[in-house]
Amino acid sequence: LIISILLYLTQLALGIVGQIKSLGAGSLTAEIIQDVEAGIAALTKVKGSLVTLQQAESLRTAETWPDGLVADPPIPVAPIADTSHAIEAAFDKIAPPTEAAPTPAAPKPAVVAPPNVTDIQDDENSTGNGNPAVVVE
Amino acid sequence: MRFVPKLCMVLLNVIAILTLTCNIPADTRNSLATAQGVIQSAQSQHQAECSANPSMAVCTKINELVRLQNVAIDGLETYCGWPARPTAAQLAAASQTPCTKNAPALTILTTALQNLNTAIADYKGSFPTKPGTGGPI
């Protein structure tokens, strides 16, 4: 019974190990190791068990040619003739602007003053409902 | 007492799993270093033709590898709790900080590695290295 349990647990362990290795890190090494010389040369830079940020940053790779996205061709532009003299002549022909006479200001509309509340009476002008009447002039 | 062997085996399994899990940063770093070697070798091999015509398929593929490599480094930095794409000041401050595993980021890291793995395998299948035309290594 003990032997069978040991065998079972060994199989279980091997299965878990295989699953963990297939997560990516191990399998990647196995697959791209074909380019052995380049890989070994790069690995010598990061040998050791301690992984640091500096090591990680040293593994960045830069593009050594511009990205191959095809840019739009430039739009052809017809040559522009030198028309500066014609423009200057046209400006010369334009009469200088005359000063316009000041227009009289429009009369302001009469301001109607709001009615003033002058008094509040509570005697004979009362509204009869107990509220005082408001006399508007 | 008869449960002692079983317990030992279980403990050994746990230790083995933990050891493998702890090696993820180092495995990833080694894989990224190997990938860097492959990419730099490819860049060196195709530098002349890709500088002249960067829209060629092999040139865009190599630039894709560069981007995926850098994304995988981002994944490693995230997994280790470092700032991804650090500034100079951040790099100086944390350059020797050891990796502190961030378990939720493992999925990001493994996905990035698998993408890089697939792209490199695709590149190696589509553009096999000609004999004697390897990189400068």
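Below, chains carry the letters A, B, ... as their sequence lines are ordered, and counting in each starts from 1.
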Can you give the donor-acceptor pairs under 3.5 Å from side chains of residues 92-100 of chain B to other protein atoms, not counting sequence neighbours?
from  : atom 1 : to    : atom 2 : distance (Å)
B:Q96 : NE2    : A:Q54 : OE1    : 2.7
B:T97 : OG1    : B:A94 : O      : 3.3

**Asked** What are the two closest heavy atoms between B:N63 and A:W65, and how far apart are they?
**Response** ND2-NE1, 3.4 Å
**Message:** If the threshold is 4.0 Å, N to carboxylate O, is there a salt bridge linking B:R85 and A:E57?
**Reply:** no
**Joint cluster assignment, B:L76 & B:I108, ILVMFWY side-chain distance < 4.5 Å** = no
**Request:** Identify, with sequence neighbours excluded, every residue that meets side chain to side chain donor-acceptor pair (under 3.5 Å) alongside B:Q43.
**Result:** none
**Message:** Within the structure provided, determine whether A:L53 and B:P83 are in side-chain contact (heavy-atom separation under 4.5 Å).
**Reply:** yes
**Request:** Find out if a path of hydrophobic residues (ILVMFWY) with successive side-chain heavy-atom gaps under 4.5 Å connects B:V71 to B:Y79.
**Result:** no
**Asked** Does a donor on one side chain sit under 3.5 Å from an acceptor on the other, for A:R60 and B:Q69?
**Response** no
**Complete:** Rounded to the nearest 0.5 Å, the CD atom of A:Q55 sits from the SG atom of B:C80 at a distance of 10.5 Å
**Prompt:** If you count heavy-atom pairs under 4.5 Å between each of B:L91, B:N53, B:I39 and chain A, which one has the most?
**Reply:** B:L91
**Request:** Say whether, by atom type as modelled, one donor and one acceptor occur between the side chain of B:Q36 and the main chain of A:S58 under 3.5 angstrom.
**Result:** yes
**Asked** Rounded to the nearest 0.5 Å, what separation is found between the CG atom of A:L59 and the CG atom of B:N70?
**Response** 10.0 Å
**Request:** Heavy-atom pairs under 4.5 Å with chain A are the metric here; pick the option from B:I73, B:V66, B:L65, B:L109 that has the most.
**Result:** B:I73
**Request:** Against chain A, label B:N115 side chain, backbone, both or neither, depending on which of its atoms sit under 4.5 Å from a heavy atom there.
**Result:** neither
**Asked** Can you tell me if B:Q40 and A:T61 form a side-chain donor-acceptor pair at under 3.5 Å?
**Response** no
**Prompt:** Which heavy atom in B:P54 sits nearest to a heavy atom in A:P66, and how many Å separate them?
**Reply:** CB-O, 3.3 Å
**Prompt:** If you look at every heavy atom in B:Q47 and A:T64, which pair is closest and at what distance?
**Reply:** OE1-OG1, 2.9 Å
